[in-house]
Amino acid sequence: GCAPVRFNNQTDNPPKGHPMNYQDYFKTRLDALREDGNYRVFADLQRKRGAFPKAHHTGKDGAGDVTIWCSNDYLGMGQHPDVLAAMHNAIDTVGAGAGGTRNISGTTHDHVLLEAELADLHGKQAALLFTSGYVSNWAALGTLASQIPGCIVFSDALNHASMIEGIRHSKAARVIWKHNDLDDLEARLAAADPDAPKLIAFESVYSMDGDIAPIKEICDLAEKYGAMTYLDEVHAVGLYGPHGAGVAEREGLMDRLTVIEGTLGKAFGVMGGYIAASAELCDFVRSFASGFIFTTALPPAVAAGARASVQHLKRSNVERDRQKERVAKVREGLDAMGIPHIDNPSHIIPVMVGDPVKCKFISDTLMRDYGVYIQPINYPTVPKGTERLRITPSPVHSDADIAHLLGALEELWHQCEVARVPMAAQ
Ligand code: PMP
């Protein structure tokens, strides 16, 4: 909720003609965040070329080298030599910016090649690039839901903000179903007008709990009730499936999904978002989505770097296999120390602290005294009482890195006597 607004004259109801003191209002709201322990402080980092997960940190307590344990550069591809070479080469040959929107001179050959690569990755007829994963969800869902008359969107309760905003923006009817709950989804599909167009929007790997949706069963329901499916694989592309196309690839389900959405900014290590779908659906979104049409295209070097990353992870399992082994090793260490974490089938390890102030204290101390960087995850990103440290081991975290992390966590855990969080809180 909003903190009380204070005005020039410090009364709650300013007389007409006395406008709000805007700066005062901003400060009041920010102070309220600070009091709740939910004020966001960004770590000032300088990544090191070719040296992930190491970075240089500049903070109020000084500057020093740190090991990053919370990056979404899940496989370290943001420092991969093939990706860097492709980006350098593109800058050297075609320069910096795209020079326009996709419609007006900004469709470069690098964009065209990347879209073809992404369509192929997901076994779809076409793919469409956006500035980010956020924009792809917002624009594609917003467009489908608003441009299909009478469309009802069935949205998983834990969907990402970008999907929620897109659906809201569409003003389409929205039905929220309980997270990963097939019975609830079916009951809601059955209750809807059988003739209304329907779209089921959900994710594969949910980023904060690391749990995975029952994709096959959701596709079964979609087919039974004549709904389209929209699957966000942002935390899965590059990471799952024999070619890194995501959980739907691993489970042999790509052809049953209407739309697969992904990012180029996490496991692929660069920037950008996309949808992969039928040629007609992509053409439809391309033609009606303002978030696609009225914005400058990504720099060609970004598209070239992303393509090199996708191509590498299509043919190499080395990074994925090593990441799985690293994740298992961190989990074993946490179990041995009795530190509670959500037991999920993904690469994300949410260590449950359950208190925003303690969570921030542990994170600050890890950074200052141990050179370990794990951003605290507090409300509203996660529900109150489930504050956590979200750890994402990568293939390039060494045995020494892991031993150091576990040793530091053990010391701090005892120091602040963090209560065990019941797993039901997830
Ligand atoms: N979908 C999900 C599930 C996400 O977690 C995020 C970002 N954290 C996005 C979409 C947005 O992707 P991007 O970071 O590429 O904008």
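Order of listing sets the numbers, starting from 1, for every ligand and every atom in it. Predicted, not measured: the structure shown is a model, and the values here were computed from it.
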Compile the protein residues with any heavy atom at a distance under 4.0 Å from an atom of ligand 1; present them by chain, then by number. Ser132, Gly133, Tyr134, Asn137, His160, Ser162, Glu203, Asp232, Val234, His235, Thr263, Lys266
Taking Lys329 first and then Asp401, would you say they form a salt bridge - that is, a charged N and a carboxylate O separated by under 4.0 Å? no
According to the interplanar angle, ranging from 0 to 90°, do the rings of His160 and Tyr134 count as parallel (below 30°), tilted (30 to 60°) or perpendicular (above 60°)? perpendicular
What class does the angle between the rings of Tyr240 and His347 fall in, given that below 30° is parallel, 30 to 60° is tilted and above 60° is perpendicular? tilted
Start with the C-alpha distance between His179 and Phe202, add both sets of side-chain angles, then the distance that settles ring-ring contact (aromatic ring centres under 6.0 Å, His included), and finish with yes or no. CA-CA 9 Å; His179 175 57; Phe202 63 114; over 10 Å; no
Tell me if the aromatic rings of Phe284 and Phe288 count as close, with their centers under 6.0 Å from one another. yes
Quick check: Phe292 with Phe130 (ring centres under 6.0 Å apart)? yes
